[in-house]
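Heads up, the thing below is written out as structure tokens.
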Amino acid sequence: MPVIRLPDGSERQFEQAVTVAEVAQSIGAGLARAALAGKVDGQLVDTAYLIDRDASLAIVTERDADGLDVIRHSTAHLLAQAVKRLFPDAQVTIGPTVEDGFYYDFSYKRPFTPEDLAAIEKEMAAIVKQDLPVSRQVMERSDAIQYFKGIGEAYKAQIIESIPSNEPLSLYTQGEFTDLCRGPHVPSTGKLKVFKLMKLAGAYWRGDANNEMLQRVYGTAWTKKDDLDAYLHRLEEAEKRDHRKLAKQLDLFHQQDEAPGMVFWHPRGWVIWQAVEQYVRQVYREGGYQEVRGPQIMDVTLWKKSGHWDNYQDNMFFTESEKRTYAVKPMNCPGHVQIYNAGLHSYRDLPIRYAEFGGCHRNEPSGALHGIMRVRAFTQDDGHIFCTPGQVETEVTAFHRQAMQVYSDFGFSDISIKLALRPEKRLGTDAEWDRAEEALRAALRAAGVEWIELPGEGAFYGPKIEYHLKDSIGRAWQVGTIQYDPMMPERLDASYIDEHSQRQRPIMLHRAIVGSMERFIGILIENYAGAMPLWLSPVQAVVMNITDAQAEYAKNVVGILKKQGFRVQADLRNEKITYKIREHSLQKLPYQLIVGDKEMAAGLIAVRTRQGEDLGQMPVEALLARWQDEMTRRV
RNA sequence: GCUGAUGUAGCUCAGUCGGUAGAGCAACUGAUUCGUAAUCAGUAGGUCGGGUGUUCGAUUCACCUCAUCAGCACCA
């Protein structure tokens with residue numbers, strides 16, 4: 001005789017065990033129709049779930065976030081069913097939900113084509129129309145393995161074999177299609193109305209490149225058509241922010257076939273670079289770093305000593321001369337250690353902080369290249385702190401604070417922090433790793449931030465804190481990092497003299513805030529959609545005349561603004577003012593300054609902002625004051 | 001690196017079921033001197049990513065290759 005407590009606090013008593021669907025029915029027919037799943041004592045279940053005890057229950061409909069998730073998950077099953085109908089010898093594997101949608105991986109003798117995709121989507125619609133009921137059954141592990149092997153689903157059988165034996169296995173059936181799944185699912189396929197298959201891709205079975213490549217179909221699903229349209233519109237808008245597209249439009253940089261993964265910076269792009277570089281240089285100074293510069297290539301023996309050759313030789317560039325092999329540096333740390341080692345250091349000198357805008361080359365796999373976000377030649381705002389073990393926490397905490405300030409100054413608020421822990425292939429003992437990981441945790445704790453731990457993702461020489469930012473379509477990219485490294489000093493024989501005149505190994509902290517200048521600028525461009533704030537704008541304003549009569553006056557205005565250090569150009573072309581305004585608007589200039597006869601006569605300028613706002617006439621000094629303010633506030 | 005897609009003028013794209021290519025914008029020339037997102041007219045511009053093959057003939061078909069894009073794997 002279960003008593004069911006509903007979200008509004010009311011309670012209902014039933015004579016015997018009831019299903020979620022029956023409870024919904026008892027409340028109202030409309031709710032029963034809308035029910036997609038239930039939440040019993042906080043656990044998400046099917047509408048067919050039988051409640052035989054006192055419990056709290058929330059009926060999950062498409063209005064709930066959980067409801068949308070169930071819909072997406074069920075749509076993945078719908079996709080799988082359609083594929084099995086059209087391609088009976090395709091095998092199903094996994095089909096989870098992801099942000100904004102879902103995917104399903106299939107094993108098939110040939111890749112799916114875009115035409116297949118259209119056919120599959122059509123078949124999905126047909127299954128929805130059939131409104132097949134979805135039912136759940138629990139099966140013994142061995143029976144389930146038997147069952148899936150029997151219907152030729154080898155991958156499913158493999159999945160079951162890897163599930164711990166104490167977990168019950170549930171199977172979901174809709175029409176002729178049965179899939180292993182934890183659930184829950186919608187009660188019938190008719191509930192799935194708004195979906196779209198988005199793209200085809202390859203994906204390795206179990207995420208391992210040694211395994212077979214499966215065919216992955218990505219889809220999106222929503223509760224309302226409007227939501228789908230809004231989502232598609234959002235994607236379109238995001239694509240307009242693509243840094244590669246904007247770089248072309250705004251003439252910032254280009255890349256070409258002869259130099260894959262390299263960047264040709266154009267004058268306007270290089271202005272942004274310089275603005276970022278000068279800013280970071282100031283950060284170095286404030287953080288107590290000394291800027292240094294190491295060589296671009298060094299004998300390969302050094303890289304063998306450091307351990308990089310063992311771990312990364314396939315991804316390094318080499319060059320030869322007079323029977324010596326040199327490695328083009330993929331990192332700056334060995335160079336910095338050489339600089340450190342060139343002198344003798346007392347414990348009193350520590351921490352010693354070196355920094356460099358270090359140009360690195362890494363032969364990244366071709367498929368990894370991505371605009372300027374992932375390149376083969378890049379520049380790190382790389383720094384290395386040589387310190388005693390006791391100084392680590394303070395240094396890491398100070399770094400963290402500084403990094404967060406930098407991100408904030410560049411207009412970023414959505415930063416995710418990760419802690420990457422010991423990888424399989426690593427140097428050093430477990431005790432050293434315990435110490436290293438705990439030191440970073442302690443620093444994060446002291447900083448009072450939340451972080452996600454990533455087991456197995458650390459560098460071969462130590463664990464690292466990572467700072468990630470998102471690009472325009474939501475892909476996360478690592479920018480900053482700080483890494484605890486007791487190994488490199490050991491390998492490259494760095495030391496300091498302690499208070500007892502004994503040689504000691506310093507701890508080395510590798511750190512970067514923007515990470516790769518290229519990547520960071522790429523993300524910056526996407527973040528601002530190319531409309532850079534005044535302090536980063538390649539051209540901060542253009543002064544344009546209405547007719548030739550004001551040409552000299554316009555030149556004078558440009559001269560004054562330039563003298564104050566601003567990046568200002570004249571546009572004296574014999575074009576209509578509307579034409580010029582349109583052009584410079586498309587170039588996303590922060591300010592357009594217009595001078596006609598009226599302004600010339602009064603010694604003023606007419607100011608138009610990037611937002612299209614007309615600030616009216618003002619003296620140049622008033623504009624300068626406004627600009628100074630914007631530069632200081634970095635807006 | 002793997003799977004798929006794409007590669008045509010500076011840019012955005014069309015096109016050829018095999019007969020050596022076209023638009024808009026940009027550029028150039030001329031006219032226009034016009035006050036807040038496109039003035040008009042004319043001119044010029046491409047060995048259709050590269051290579052090999054099939055063919056009387058290839059930008060179009062086949063194969064190879066390079067690059068780009070999406071995803072996967074990788075990311076010191």
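Order of the sequence lines sets the chain letters (A, B, ...), proteins ahead of strands, with each chain counted from 1. Computed from heavy atoms alone, side chains included, the values below leave out hydrogens, waters and symmetry copies.
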Do we count A:F460 as stacking onto B:rA76 if the rule is ring centres under 5.5 Å and planes under 30°? no
Selected nucleotide, minimal atom distance to A:D257 side chain, candidates B:rG7, B:rA37, B:rC69: B:rG7
Closest of B:rU39, B:rC2, B:rG35 to the A:I577 side chain is B:rG35
Below the 4.0 Å mark, does B:rG10 have OP1 or OP2 next to a side-chain nitrogen or oxygen of A:H254? no
By the 4.0 Å heavy-atom rule, please label A:G207 as base, sugar-phosphate, or nothing. sugar-phosphate
Expressed as a whole number of Å, how far does the C1' atom of B:rG18 sit from that of B:rA27? 34 Å
Of the options B:rG35, B:rA76, B:rU36, whose atoms approach the side-chain atoms of A:K464 most closely? B:rA76
Using heavy-atom distances to pick each residue's nearest nucleotide on RNA chain B, tell me which of A:A201 and A:L586 is more 5'. A:L586
Side-chain N,O (A:R362) to OP1/OP2 (B:rA76) below 4.0 Å: no
Classify A:R374 by what it touches in the nucleic acid, base, sugar-phosphate, or nothing, heavy-atom distance under 4.0 Å. base
Can you figure out which of B:rU33, B:rG35, B:rG71 approaches the side chain of A:T547 most closely? B:rU33
Kindly point out which of B:rG71, B:rU33, B:rU12 is positioned nearest to the side chain of A:D548? B:rU33
Taking atom C1' in both B:rA9 and B:rC48, compute the distance separating them and give it to the nearest angstrom. 10 Å
With a non-hydrogen cut-off below 4.0 angstrom, is A:A368 in contact with a base, only sugar-phosphate, or nothing? base
Searching all strands shown, indicate the nucleotide that pairs with B:rC72 (Watson-Crick or G-U wobble; both distances under 3.5 Å). B:rG1
With the side chain of A:I594 defined as its heavy atoms from C-beta on, choose the nearest nucleotide among B:rU36, B:rG4, B:rC74. B:rU36
Using a heavy-atom cut-off of 4.0 Å across all strands, would you classify A:R206 as base, sugar-phosphate, or nothing? nothing
Among B:rG71, B:rA73, B:rA76, which is the nearest nucleotide to the side chain of A:K199? B:rG71
Give A:G371 one of three labels, base, sugar-phosphate or nothing, depending on what nucleic acid heavy atoms sit under 4.0 Å from its own. sugar-phosphate
For A:Y218, report the nucleic acid contact type (base, sugar-phosphate, nothing); a contact means any heavy atom under 4.0 Å. sugar-phosphate
Tell me what A:H584 touches on the nucleic acid: a base, only sugar-phosphate, or nothing, going by heavy atoms under 4.0 Å. nothing
Which part of the nucleic acid, if any, lies within contact of A:Y103, taking any heavy atom under 4.0 Å across all strands shown: a base, the sugar-phosphate backbone alone, or nothing? nothing
How would you label the contact of A:P330 with the nucleic acid (heavy atoms, under 4.0 Å): base, sugar-phosphate, or nothing? base
So what does A:L200 hit on the nucleic acid, given a heavy-atom distance under 4.0 Å: a base, only sugar-phosphate, or nothing? nothing
Below 4.0 Å: OP1/OP2 of B:rA76 and any side-chain N or O of A:R426: no
Looking at B:rG71, does its base get a donor-acceptor pair with the side chain of A:Y204 below 3.5 Å? no
Classify the side-chain pair A:T429/A:E432 by whether it contains a donor and acceptor separated by less than 3.5 Å. yes
Base, sugar-phosphate or nothing for A:E466? Non-hydrogen atoms, less than 4.0 Å. nothing
Complement of B:rC34, any strand, by Watson-Crick or G-U distances under 3.5 angstrom: none
Base, sugar-phosphate, or nothing: which does A:N210 touch, judged by heavy atoms less than 4.0 Å apart? nothing
Per atom distances to the A:S366 side chain, the nearest of B:rA67, B:rA37, B:rG1 is B:rG1
Counting any heavy atom closer than 4.0 Å, what does A:S585 reach on the DNA or RNA strands: base, sugar-phosphate only, or nothing? base
